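Only a predicted model underlies this, so the values are computations on that prediction, with no experimental measurement involved. Note on naming: letters A, B, ... go to the chains in the order of the sequence lines (proteins, then strands), and numbering restarts at 1 for each one.
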There are 2 protein chains.
Amino acid sequence: MATKTVATEKRYRIGEFAAKTGLSGPTLRYYEKEGLVKPHRSDNGLRYYTDADTDWIKFLLHLKGTGMTIDQLKQYVAWRAEGDATITKRLQLLKNVRRGFLQEFEELQHSMTILSDKIDWYQGKVDGHISDNEGFANYLASLNHEE
Amino acid sequence: MATKTVATEKRYRIGEFAAKTGLSGPTLRYYEKEGLVKPHRSDNGLRYYTDADTDWIKFLLHLKGTGMTIDQLKQYVAWRAEGDATITKRLQLLKNVRRGFLQEFEELQHSMTILSDKIDWYQGKVDGHISDNEGFANYLASLNHEE
DNA sequence: ACATTAGTTAAAGCCAACTTTAACTAATTG
DNA sequence: CAATTAGTTAAAGTTGGCTTTAACTAATGT
């Protein structure tokens with residue numbers, strides 16, 4: 001029987017992986033300590049990460065981006081490690097995250113509108129087509145934005 | 001000459017004003033210490049706020065909501081206190097804030113998409129119309145979301 | 001008048017999410 | 001092979017934005 005050759009996946013050491021993910025080395029170690037990512041170790045004892053880890057980190061950062069805390073991510077990872085029995089729990093968690101995020105999103109949009117209105121008002125003053133005496137409250141009321 | 005009666009505006013003491021704005025008393029004092037709001041004092045020495053303060057706090061909270069830090073707000077307030085000479089500076093600051101916020105907003109939308117895709121994927125597994133073996137990466141690729 | 005509730009100050013404490021430090025070992029480059 | 005760069009650990013420090021504490025005074029309800 002001929003020698004079996006295993007297709008070895010690329011190994012990223014922590015520095016390279018940090019550059020790849022946009023995280024810092026210390027942050028990756030911190031995430032590892034928190035159980036959010038589990039790199040492998042080569043024979044010399046150094047960490048290495050794979051492309052699968054890249055995908056996971058990317059996804060994790062998106063979850064974080066939607067407002068999930070480290071603790072929530074920990075819970076998610078713990079459930080994931082338990083296997084398919086926890087799928088509905090994970091689904092429920094993500095749905096809750098989405099619900100909170102959507103609400104936050106609407107508030108952001110409203111703030112955005114107010115900010116833009118204020119910018120327009122300043123612009124109007126600078127360009128001279130809003131009277132010196134017209135206050136912002138007045139101006140806001142003249143637009144039709146619901147509070 | 002008859003006694004002059006001045007139409008006195010409503011005065012909110014800190015507790016009432018806190019309830020009105022959704023902030024806590026200590027937070028209002030903190031904002032005051034940072035120079036973000038400047039309540040008046042009645043003869044007895046207690047703070048009071050007016051409806052104009054309410055409008056300002058509302059606007060301030062929207063600015064904060066778009067990602068402005070306390071320090072940026074301080075700068076804004078300082079410029080505002082300097083009068084019309086700083087209008088272009090304020091306009092520029094708000095435009096910068098909007099630019100940063102818009103960028104952040106797009107990232108949020110992208111994270112939202114990924115989160116929703118993941119929820120759909122889990123839902124598919126739960127409902128049984130996504131095979132046990134189909135990974136999320138595969139599923140993602142099967143959708144047409146640009147990275 | 002007295003109890004309760006609200007307000008005052010300055011200073012210390014808290015929290016999440018990292019970041020920095022220290023003291024070391026491993027790997028790479030000229 | 002020496003110098004430089006990268007990685008290792010545990011522990012302490014940082015940051016922003018409040019919150020809590022302590023020790024007090026003022027206002028209000030019965």
Side-chain angles (χ1 to χ4, degrees), chain A residues 10-50 53 57-77 97 100-101 104 107-108 111, chain B residues 10-50 53 57-77 97 100-101 104 107-108 111:
Chain A
K10 176 138 179 34
R11 296 176 171 197
Y12 304 91
R13 293 205 331 217
I14 196 167
E16 196 181 358
F17 191 69
K20 206 171 153 64
T21 56
L23 297 172
S24 70
T27 298
L28 283 167
R29 294 193 190 95
Y30 165 68
Y31 281 1
E32 180 179 351
K33 203 176 63 178
E34 295 299 319
L36 301 188
V37 60
K38 205 176 165 183
H40 316 260
R41 299 281 176 157
S42 12
D43 296 342
N44 54 29
L46 300 192
R47 284 175 185 80
Y48 71 87
Y49 301 80
T50 68
D53 295 319
I57 290 288
K58 273 188 191 167
F59 179 57
L60 175 154
L61 290 177
H62 281 304
L63 290 184
K64 228 175 74 66
T66 63
M68 272 181 88
T69 63
I70 302 289
D71 276 0
Q72 284 179 302
L73 287 165
K74 261 160 112 162
Q75 174 67 87
Y76 181 82
V77 169
V97 168
F101 187 52
E104 174 68 18
E107 285 164 26
L108 289 176
S111 289
Chain B
K10 174 139 179 36
R11 297 178 169 195
Y12 303 91
R13 294 207 329 219
I14 197 167
E16 197 181 359
F17 191 68
K20 206 171 154 63
T21 56
L23 297 173
S24 70
T27 298
L28 283 167
R29 294 194 189 94
Y30 166 68
Y31 281 1
E32 180 179 351
K33 203 178 63 179
E34 295 300 319
L36 301 188
V37 61
K38 204 177 166 182
H40 318 263
R41 300 279 177 160
S42 13
D43 295 344
N44 54 28
L46 300 192
R47 285 175 185 81
Y48 70 88
Y49 301 80
T50 68
D53 294 319
I57 290 287
K58 274 187 191 168
F59 179 57
L60 175 153
L61 290 178
H62 281 303
L63 290 184
K64 230 174 72 67
T66 63
M68 272 181 88
T69 63
I70 302 288
D71 277 0
Q72 284 180 302
L73 287 165
K74 260 159 113 163
Q75 174 66 89
Y76 181 83
V77 169
V97 168
F101 186 53
E104 175 67 18
E107 285 163 26
L108 289 176
S111 289

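Residue contacts for A:Arg29: at a heavy-atom cut-off of 4.0 Å it reaches a base atom on one of the strands shown. Using a 4.0 Å heavy-atom criterion, one finds that B:Lys64 contacts the sugar-phosphate atoms exclusively.
Listed pair B:Tyr31 / D:dC18 meets the phosphate criterion, a side-chain N or O lying under 4.0 Å from OP1 or OP2. The shortest distance between the side-chain N/O atoms of A:Arg47 and the OP1/OP2 oxygens of D:dG7 is not below 4.0 Å. Contact between the side-chain N/O atoms of A:Ser24 and the OP1/OP2 oxygens of C:dC18 is not found at any separation under 4.0 Å.
For B:Tyr30 and C:dG13, the OH to C1' distance is 14 Å, given to the nearest whole Å. Summarising the geometry, the separation between CG on B:Asp43 and C1' on D:dT25 is reported as 17 Å, rounded to the nearest angstrom. Taking atom CG on A:Asn44 and atom P on D:dT8, their separation rounds to 9 Å, with Å as the unit. To the nearest angstrom, C1' of D:dT9 lies 11 Å from CD of A:Glu32.
In this structure, the nucleotide among D:dA27, D:dT9, C:dT9 sitting nearest to the side chain of A:Arg41 is D:dT9. In this structure, of D:dG7, C:dA17, C:dG7, it is D:dG7 that holds the atom nearest to the side chain of A:Leu46. Here the side chain of B:Ile14 is nearest to one of C:dG7, C:dA26, C:dC18, namely C:dG7.
Between A:Tyr48 and B:Pro26, the residue anchored nearer the 5' end of DNA chain D, judged by the nucleotide with its closest heavy atom, is A:Tyr48. Comparing B:Lys33 and B:Glu16 by the nucleotide of DNA chain C that holds the closest heavy atom to each, the one mapping nearer the 5' end is B:Glu16. Take the nearest nucleotide of DNA chain D for B:Leu23 and for B:Arg13: the residue whose nucleotide is more 5' is B:Leu23.
In this pair, A:Tyr49 and A:Phe17 present their aromatic rings parallel. The plane angle is below 30°, not in the 30 to 60° band. Relative orientation of the A:Tyr48 and A:His40 rings is parallel, given thresholds of 30° and 60° on the angle between their planes.
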In sequence, state the C-alpha distance, the side-chain angles, and the governing distance for B:Glu34 and B:Val77, and then conclude on side-chain contact (heavy atoms from CB on, under 4.5 Å). CA-CA 10 Å; B:Glu34 295 300 319; B:Val77 169; over 6 Å; no

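Comparing the start and finish of the helix from C:dA1-D:dT30 to C:dG30-D:dC1, five pairs each, the helix axis swings through 10°, to the nearest 10 degrees.
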